[in-house]
Amino acid sequence: MGKGILLIVSGPSGCGKGTVLKHVLAKGGYRYSVSATTRPPREGEVHGVHYFFVDKSLFEEYLKDGKILEYTVYCDNYYGTPREFVEACLEDGMNVVLEIETEGAANVKRLMPHALSVFIAPPSMELLEARLRGRGTEDEETIQKRLRRAREEMLLAPTYDITIVNEEGAPDKAAELIAAAVESKKNA
Ligand code: 5GP
């Protein structure tokens, strides 16, 4: 079977990429790579579904054992992609979704140049801030940290293969555009 496409998706915290990706995954033929992180779970997040929530020493053991394909430190916590799952799925011909931040995205693109990198942008920074606050899951200091980081990340959008604006109320449209780009990459 042909190899799957590695789909790298980044976008600032609060841009709605989770919802967009739900629509992409619903299309079938995609697997979501569950990352490991040392950040504490948010309400409703499930170990093994949203993240593998691990402590710092276990994460560092994974790193030492080569079990992490790429990783970063984001707002004081480790986040990393488990290697084995990604490699096995691609080999099976599945497309694999990596929802990762900009530094990790650049590292993966260097390692795997055939990957498709997509940046999801919010319609505006004002809307991003409103979404981040509306989520009500972070304290003010964390919101400020994430907004600072978001501004830096937006500057990197041009380094991705494509940028898609997640228009308010239309995550399905953004998902359509992403799936179309994956298909054209597959047939290239
Ligand atoms: P959050 O705490 O909001 O779930 O994630 C914070 C940021 O870390 C997001 O931009 C998310 O895409 C990124 N992220 C999640 N998992 C990984 C990973 O395995 N590697 C990298 N480099 N970034 C990740």
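Under a cut-off of 6.0 angstrom, the local environment of NZ in Lys173 is sparse, with at most 12 non-hydrogen atoms contributed by other residues, nucleotides or ligands. Heavy atoms of other residues, nucleotides or ligands lying less than 6.0 angstrom from CD of Glu140 number more than 12. Around the NZ atom of Lys27, the shell of radius 6.0 Å holds more than 12 heavy atoms that belong to other residues, nucleotides or ligands. Within 6.0 Å of the OH atom in Tyr30, the count of heavy atoms belonging to other residues, nucleotides or ligands exceeds 12.
Residues Lys56 and Glu61 fail the side-chain proximity criterion, which asks for heavy atoms closer than 4.5 Å. Two residues are said to be in side-chain contact when any heavy atoms from C-beta on lie closer than 4.5 Å; Ser124 and Leu127 meet this criterion. Here the side chains of Thr81 and Ile68 are not in contact, with every heavy-atom distance at 4.5 Å or above. Side-chain contact between Thr19 and Asn166 is absent, with no heavy atoms from C-beta onward closer than 4.5 Å. Contact check for Leu98 versus Val108: side-chain heavy atoms found under the 4.5 Å cut-off. Leu7 places a side-chain heavy atom less than 4.5 Å from the side chain of Val118. Glu129 is listed as a side-chain neighbour of Leu147, based on a closest heavy-atom distance under 4.5 Å.
Checking side-chain atoms of Ser117 against main-chain N and O of Asp161 turns up a donor-acceptor pair under 3.5 Å.
Residues Val182 and Val97 share a hydrophobic cluster, clusters being chains of Ile/Leu/Val/Met/Phe/Trp/Tyr side chains in contact below 4.5 Å. Hydrophobic clustering (side-chain heavy atoms under 4.5 Å, transitive across Ile, Leu, Val, Met, Phe, Trp, Tyr) groups Ile162 together with Val24. A continuous path of Ile, Leu, Val, Met, Phe, Trp and Tyr side chains, each step under 4.5 Å between heavy atoms, connects Val73 with Leu63, placing both in one hydrophobic cluster. Ile5 and Val20 fall within the same hydrophobic cluster, where Ile, Leu, Val, Met, Phe, Trp and Tyr residues are linked whenever their side-chain heavy atoms come under 4.5 Å apart, directly or through other members. Val34 and Phe53 are assigned to two separate hydrophobic clusters, defined by single-linkage of ILVMFWY side chains at heavy-atom distances under 4.5 Å.
Contacts of Arg135 classified as side-chain contact (heavy atoms from CB on, under 4.5 Å), with partners at least two apart in sequence or in another chain: Ser13, Arg42, Leu132, Thr137, Glu138, Arg146. The ring pair (Phe, Tyr, Trp, His ring centres under 6.0 Å) search around His47 returns Phe52, not counting sequence neighbours. Every ring pair (Phe, Tyr, Trp, His ring centres under 6.0 Å) that Phe59 has, sequence neighbours left out, goes to Tyr78.
Salt-bridge formation is detected for the pair Lys145/Asp76: a Lys NZ or Arg NE/NH1/NH2 atom is positioned less than 4.0 Å from an Asp or Glu carboxylate oxygen. In this structure, Arg148 does not pair ionically with Glu152, as no charged nitrogen and carboxylate oxygen lie closer than 4.0 Å. Ion pairing between a basic and an acidic side chain is recognised when a charged N comes within 4.0 Å of a carboxylate O; Lys3 and Glu91 show such pairing. Ionic pairing of Arg131 and Glu168 is present here: one or more N-O contacts between side-chain nitrogen and carboxylate oxygen are shorter than 4.0 angstrom. One finds a salt bridge joining Glu101 and Arg149 here, because a Lys/Arg side-chain nitrogen approaches an Asp/Glu carboxylate oxygen to under 4.0 Å.
Residue pairs meeting the ring pair (Phe, Tyr, Trp, His ring centres under 6.0 Å) criterion with at least one partner in residues 167-188, sequence neighbours excluded, do not occur; the list is empty. Each ring pair (Phe, Tyr, Trp, His ring centres under 6.0 Å) pair with one or both residues in residues 100-147, not counting sequence neighbours, appears once here: Phe119-Tyr160.
Atom CE of Met125 sits about 10.5 Å away from atom SG of Cys15, to the nearest 0.5 Å. For the atom pair CG (Leu116) and CD1 (Ile178), the distance works out to 8.5 Å, reported to the nearest 0.5 Å. Atom-to-atom distance recorded for Ser35:OG and Tyr51:OH is 6.0 Å, nearest 0.5 angstrom. Atom CZ of Arg31 sits about 9.5 Å away from atom CG of Leu25, to the nearest 0.5 Å. The distance from the CG atom of Leu6 to the CG atom of Asn95 is 9.0 Å, given to the nearest 0.5 Å. Within the model, atoms CG of Leu111 and CG of Leu69 stand 6.0 Å from one another, a figure rounded to the nearest 0.5 Å.
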Worksheet item: After noting the C-alpha distance and the side-chain angles of Asp139 and Thr142, does the key distance pass the side chain to side chain donor-acceptor pair (under 3.5 Å) rule?
Response: CA-CA 5 Å; Asp139 58 24; Thr142 307; 2.6 Å; yes
Discussion item. If you apply the rule side chain to side chain donor-acceptor pair (under 3.5 Å), what do you find for Glu99 with Tyr32, and how did you get there?
Written reply: CA-CA 8 Å; Glu99 184 185 345; Tyr32 183 82; 2.6 Å; yes
Item to complete: Apply salt bridge (charged side-chain N to carboxylate O under 4.0 Å, His left out) to the pair Lys64 and Glu60, showing each step before the final yes or no.
Response: CA-CA 6 Å; Lys64 191 162 60 60; Glu60 287 173 349; over 6 Å; no
Practice prompt. Carefully, step by step, assess Thr37 and Asn77 under the rule side chain to side chain donor-acceptor pair (under 3.5 Å).
Written response: CA-CA 7 Å; Thr37 184; Asn77 284 298; 5.6 Å; no
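Of all heavy-atom pairs between His23 and Ala175, the closest is CB-CB, 3.4 Å. Nearest heavy-atom pair across Val9 and Leu21 is CG2-CD2, 3.9 Å. The two residues Lys17 and Pro12 make their nearest non-hydrogen contact at NZ-O, 3.9 Å. In terms of heavy atoms, Gly93 sits closest to Lys186 at O-NZ, 4.1 Å. The two residues Leu128 and Gly14 make their nearest non-hydrogen contact at CD1-C, 3.4 Å. Shortest non-hydrogen contact noted between Pro158 and Leu155 is CD-O, 3.3 Å.
Alongside Leu156, the hydrophobic cluster contains no other residue (criterion: ILVMFWY side chains under 4.5 Å).
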